[in-house]
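None of these values were measured; they are calculated from a predicted model.
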Amino acid sequence: MIWDDYQNKCIAELEFRSEVKSVRLRKDRIVVALEQKVYVYNFADLQLIHHIETIQNPTGILALSPSESNTVLACPGMKPGYVHVELYDRKQSVMIPAHENPLQLLALNLDGTLLATASEKGTLIRVFDTLTGNHLREVRRGADRAVIQSIAFSPNSKLLVCSSDKGTVHVYSVDGSATG
């Protein structure tokens, strides 16, 4: 259900045959993750724009760039540890072999040019260029397994932060000039 807080009512409804795992919204897009599919809708008329098959995705891992100037979507690919990146403005798809283990979390920077990934192992976070799929940086969260709970880029994309179930927060320089 799409709820308009200003009008205090439901303005639209999308129905699916299986459980919705996560939803991402933008002014012009609605993206819905199911267990093995991702659906992309035009917000204005709720027309289906695209659907993507994924590997089993029980937690609804998904990232959508917030910038309207670059529409980028990242979701699990068809193999464990792979990320499917859809560059809608360029009409291009990139498949990134990010990890050997299944994915835990994905994050895009504000303009959708950088992708941060973490696997279920939770020891490494990798940063990729979304246009080329090139691996740009790898940072270590720790040596013990952990559940990465959040990853985010700073507004200028110079810093990357992550938190885990270990009760710690790590801040990294994206270009490698400083870590913390």
Side-chain angles (χ1 to χ4, degrees), residues 1-6 11-12 14 20-34 37-54 57 59-77 82-99 103-119 125-139 148-163 169-180:
M1 297 177 72
I2 300 167
W3 184 265
D4 184 324
D5 240 7
Y6 184 72
I11 57 170
L14 294 169
V20 172
K21 299 298 183 176
S22 69
V23 176
R24 299 291 182 273
L25 297 174
R26 229 173 67 159
K27 193 184 218 180
D28 61 340
R29 297 281 186 268
I30 300 173
V31 182
V32 179
L34 306 180
K37 277 192 182 181
V38 172
Y39 291 96
V40 181
Y41 294 90
N42 184 24
F43 200 107
D45 58 9
L46 299 182
Q47 291 299 308
L48 180 64
I49 296 170
H50 191 208
H51 76 277
I52 302 167
E53 302 280 335
T54 70
N57 185 11
T59 58
I61 299 167
L62 187 63
L64 178 65
S65 63
S67 171
E68 289 180 51
S69 65
N70 192 21
T71 306
V72 179
L73 170 69
C75 62
Y82 278 64
V83 181
H84 178 124
V85 177
E86 199 62 43
L87 305 160
Y88 286 101
D89 299 336
R90 293 177 159 270
K91 296 179 175 55
Q92 179 183 346
S93 297
V94 177
M95 198 60 63
I96 300 173
H99 298 273
L103 298 169
Q104 176 69 40
L105 207 56
L106 301 173
L108 289 165
N109 66 342
L110 286 177
D111 64 6
T113 57
L114 298 175
L115 168 72
T117 67
S119 76
I125 296 171
R126 294 185 173 131
V127 178
F128 299 89
D129 179 308
T130 57
L131 181 61
T132 63
N134 289 342
H135 179 252
L136 302 175
R137 179 118 167 88
E138 178 176 287
V139 294
I148 302 295
Q149 297 171 322
S150 67
I151 304 174
F153 286 93
S154 63
N156 65 5
S157 301
K158 292 187 179 200
L159 299 174
L160 181 72
V161 64
C162 85
S163 66
V169 174
H170 299 264
V171 180
Y172 307 96
S173 172
V174 173
D175 67 5
S177 60
T179 59

Hey, mind stepping through His84 and Thr54 against side-chain hydrogen bond (donor to acceptor under 3.5 Å, both in side chains) and telling me if it holds?
CA-CA 8 Å; His84 178 124; Thr54 70; over 6 Å; no
To the nearest 0.5 Å, tell me how far [X] [atom1] sits from [Y] [atom2].
X      : Y      : atom1 : atom2 : answer
Ile148 : Leu105 : CD1   : CG    : 8.0 Å
Leu103 : Ile61  : CG    : CD1   : 5.5 Å
Thr117 : Ile125 : OG1   : CD1   : 8.5 Å
Asn42  : Ile49  : CG    : CD1   : 4.5 Å
Ile2   : Tyr41  : CD1   : OH    : 10.0 Å
Leu34  : Leu62  : CG    : CG    : 10.5 Å

Could you tell me whether a side-chain N or O of [X] sits under 3.5 Å from a main-chain N or O of [Y], the two making a donor and an acceptor?
X      : Y      : result
Ser65  : Asn70  : yes
Asn109 : Phe153 : no
Asp89  : Thr71  : yes
Arg24  : Val31  : no

Sorted by chain and residue number, the side-chain contact (heavy atoms from CB on, under 4.5 Å) partners of Tyr82 (sequence neighbours excluded) come out as Lys79, Met95, Pro97
Non-neighbouring partners of Ser69 that pass side-chain contact (heavy atoms from CB on, under 4.5 Å), sequence neighbours left out:
Ser67
Closest non-hydrogen atom pair between Gly112 and Val72, with its separation
O-CG2, 3.5 Å
A side-chain contact here means heavy atoms from C-beta on lying under 4.5 Å apart; do [X] and [Y] qualify?
X      : Y      : answer
Arg137 : Arg126 : no
Ser157 : Leu110 : no
Arg29  : Val40  : yes
Leu160 : Ile151 : yes

Starting from the C-alpha separation in whole Å, work towards a yes-or-no answer on side chain to side chain contact (heavy atoms under 4.5 Å, CB included) for Leu131 and Arg90.
CA-CA 9 Å; Leu131 181 61; Arg90 293 177 159 270; 3.3 Å; yes
Answer yes or no: does atom CZ of Arg26 have more than 12 heavy-atom neighbours from other residues, nucleotides or ligands under 6.0 Å?
yes
Glu86 vs Ser93, side-chain hydrogen bond (donor to acceptor under 3.5 Å, both in side chains): CA-CA, chis, key distance, verdict:
CA-CA 5 Å; Glu86 199 62 43; Ser93 297; 2.7 Å; yes
